[in-house]
Amino acid sequence: MKQLVRAFIAVIAIALALMYVTSVLNSEQGYSGGNTLTVYNWGDYIDPELIAEFEQETGVKVIYQTFDSNEAMLTKIAQGGTTFDIAVPSDYAISKMREEGLLLPIDHAQIPNLSHIDPRFMDLSFDPGNVYSVPYFWGTVGIVYNPELVGGKTFRSWNELWDPDLRNQILLVDGAREVIGMGLNSLGYSLNDTNEEHLQEAKRKLERLTPNVKALVGDEIKMLLAGEEAAVGLVWSGDASEIISENEKLDYVVPEEGSNVWFDNMVIPKTARNLPAAHAFINFMLDPEHAARNAEYVGYSTPNKDALALLPEEISGDKRFYPDEELLSKLEVYDNLGKRMLAHYNELFLEFKMHSK
Amino acid sequence: MRSNARNYYLIPYLAWIALFVVAPIALIVYYSFHDIEGGFTLDNYAKFFTPVYLKMALSSFWYALLITLFSLLVAYPTALILTRTKHKQLWLLLIILPSWVNLLLKAYAFIGLFGTYGLANALLETIGIGRKQILFTDFSFVFVAVYIFIPFMILPIFNSLEEMNKSLIHAARDLGASAWTTFRRVIFPLTLGGVKAGCQAVFIPALSLFMLTRLIAGNRVITLGTAIEQHFLVTMDWGMGATIAVFLVIIMALIMVVTGQGRGSIR
């Protein structure tokens with residue numbers, strides 16, 4: 001028993017000593033106090049050179065951490081115990097965080113580069129007046145397809161996915177809003193529709209799609225489509241551009257009935273410690289030259305109109321990823337439908353998944 | 001005095017049970033009585049008895065049963081052969097080895113193997129059958145699950161075979177029983193404890209599989225585990241997720257009671 005107690009005390013003593021050593025090391029590296037900035041972003045979603053430049057320019061040390069879903073990010077910030085100064089959530093997550101009081105207002109006076117953002121991407125429903133968020137990247141939801149595997153067919157409408165020739169050829173992304181939204185859009189309804197009849201109609205229509213659906217998958221969808229495992233996929237435009245850069249044969253289209261347009265915005269969570277550096281970082285990323293380089297590196301669509309002008313014609317002129325005004329007017333942002341409606345969407349999605357072929 | 005000291009030794013054990021067994025289950029039960037906005041409700045339980053969740057429970061049960069059955073069919077003969085080999089421990093180690101590799105990695109490897117242009121299809125094509133869809137089918141799901149669970153079935157069966165008194169087999173053969181009769185009347189009944197322990201070790205986790213249902217079955221197989229994952233991570237409907245978990249706990253307890261009659265021999 002005595003030995004046990006001794007061993008126990010030894011372990012605690014070692015742990016305390018290690019804690020002290022880490023804190024000393026951290027302060028030597030400048031990882032504490034006023035001159036660091038903790039950025040919490042999606043994986044592979046920034047040009048690392050820009051971080052180095054920002055550090056050089058401002059003398060602020062950047063700690064870069066990544067997440068792979070809005071939900072994971074939300075939970076981590078809501079739980080506390082973190083010191084994120086910047087986070088990059090998507091539209092609906094921003095409105096949720098706003099409601100739950102997890103965000104600090106952004107001081108527009110400290111961000112002169114805000115003027116470079118296309119006004120079309122400002123003042124959107126998830127954050128009126130951009131009090132809490134500043135656009136980072138945006139994109140759409142659409143169809144990626146392999147012309148060779150579908151016999152040269154091209155897609156213009158959601159309804160073409162119901163073609164019996166596509167039996168077992170479609171991969172869907174495992175997201176309730178995306179899939180139910182596609183069902184609603186294909187019927188001409190809004191993807192934020194909460195009318196029970198419309199939702200049931202969309203579910204019945206989706207159930208008729210099941211013979212064509214090979215699988216509903218997560219991030220693997222990129223690997224599977226690029227590897228020609230299936231001919232058609234329902235994906236986000238960012239994933240589409242990644243798939244196309246891996247396999248040139250594939251093409252991307254946003255169906256004419258309309259679809260979702262999404263935004264990833266920079267926000268300052270309430271866990272922030274270094275507000276001046278957070279504002280400086282946002283301003284730095286909005287600089288047209290920086291934003292253009294970042295867009296070229298990441299491959300997503302930039303909301304920065306002056307950065308767009310700096311991008312090569314083959315990127316900025318690509319209608320697939322920078323759709324024209326006409327199509328853009330048909331695209332909708334996901335509204336925050338509230339927990340209850342979202343649960344209902346998920347319930348319908350679950351029923352759709354369980355519908356056997 | 002002696003018994004007092006013994007009681008002190010019980011403290012860490014009791015603390016462990018209270019913190020990591022009783023408290024989580026109590027929390028699950030507590031959450032299951034709350035709706036999505038945090039108010040008290042019994043709706044979650046009513047909802048479980050709607051066709052959607054009943055169907056899901058049935059299909060989870062069915063797949064878990066298939067997985068257990070096939071694991072047993074493969075594991076029993078393997079364990080039997082293992083006990084008769086020369087380097088038992090080495091062979092056993094080789095069988096356990098894959099369980100040291102992360103589940104996610106194994107699942108990704110199977111995506112590659114079973115894909116349209118994967119090894120399995122290349123093989124089918126060379127022998128003239130032609131490409132088939134293997135990935136995202138019931139077959140691939142059950143196959144991969146069996147592959148993952150098989151060590152947990154082999155180990156208890158192997159142990160009970162090892163523990164068995166070998167002279168009983170000789171006696172049976174001496175008395176004129178054929179090899180099959182010896183197996184049916186002597187070996188199998190004496191290792192039933194191992195079989196039961198193995199079935200529990202496979203059936204119970206198989207009931208709440210999730211990840212594999214997406215990666216290997218492409219969400220065409222929906223189990224209660226998938227639904228729990230969705231409710232906790234996506235919908236944030238912790239109440240419904242907890243309710244399903246409560247039912248899983250109940251089902252598992254029932255299974256333990258039903259199969260637990262015999263003496264288990266997991267070591």
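Keep in mind the model is a prediction, meaning the values are calculated, not measured. By convention in this document, chain letters (A, B, ...) are assigned in the order of the sequence lines, proteins followed by strands, and residues within each chain are numbered from 1.
For chain B, the nearby part of A:L171 is the side chain; its heavy atoms alone come within less than 4.5 Å. Within the 4.5 angstrom heavy-atom criterion, only side-chain atoms of A:L224, from C-beta onward, approach chain B. Of the atoms belonging to B:I222, it is side-chain heavy atoms, and not backbone ones, that fall under 4.5 Å from chain A. If you measure heavy-atom distances from A:F349 to chain B, the contacts under 4.5 Å come from the side chain alone. Residue B:M56 touches chain A through both its backbone and its side chain, counting heavy-atom pairs closer than 4.5 Å. The contact between A:E347 and chain B is made entirely by side chain atoms (from C-beta outward), counting heavy-atom distances below 4.5 Å.
Taking the charged nitrogens against the carboxylate oxygens, B:D237 and A:K339 have no contact shorter than 4.0 Å, which rules out a salt bridge.
No more than 12 heavy atoms of other residues, nucleotides or ligands shown are found within 6.0 angstrom of OH on B:Y13. More than 12 non-hydrogen atoms from other residues, nucleotides or ligands lie less than 6.0 angstrom from CH2 of A:W262. Summarising the local packing, CD of A:E197 is surrounded by 12 or fewer heavy atoms from other residues, nucleotides or ligands at distances under 6.0 Å. Residue B:F70 places its CZ atom among 12 or fewer non-hydrogen atoms of other residues, nucleotides or ligands, all under 6.0 Å distant. Other residues, nucleotides and ligands place no more than 12 heavy atoms under 6.0 Å from the CZ atom of B:F143.
Interatomic distance, A:R340 CZ to B:I36 CD1, rounded to the nearest 0.5 Å: 7.0 Å. Atoms CZ and CG, on B:R214 and A:D174 in that order, are 6.5 Å from each other to the nearest 0.5 Å. Atom CE of B:M240 sits about 9.5 Å away from atom CG of A:L350, to the nearest 0.5 Å. Between atom CE of residue A:M223 and atom OH of residue B:Y108 there is a gap of 5.5 Å, rounded to the nearest 0.5 Å.
Looking at heavy atoms from C-beta onward, A:K214 lies in side-chain contact with B:T116 at the 4.5 angstrom threshold.
Formation of a donor-acceptor pair under 3.5 Å by the B:R220 side chain with backbone atoms of A:K353 is not found in this model.
A:V217 and B:G218 get closest at one heavy-atom pair: CG1-CA, 4.3 Å.
For residues 45-55 of chain B, the interface with chain A (any heavy-atom pair closer than 4.5 Å) comprises B:K47, B:V52, B:Y53, B:K55, sorted by residue number.
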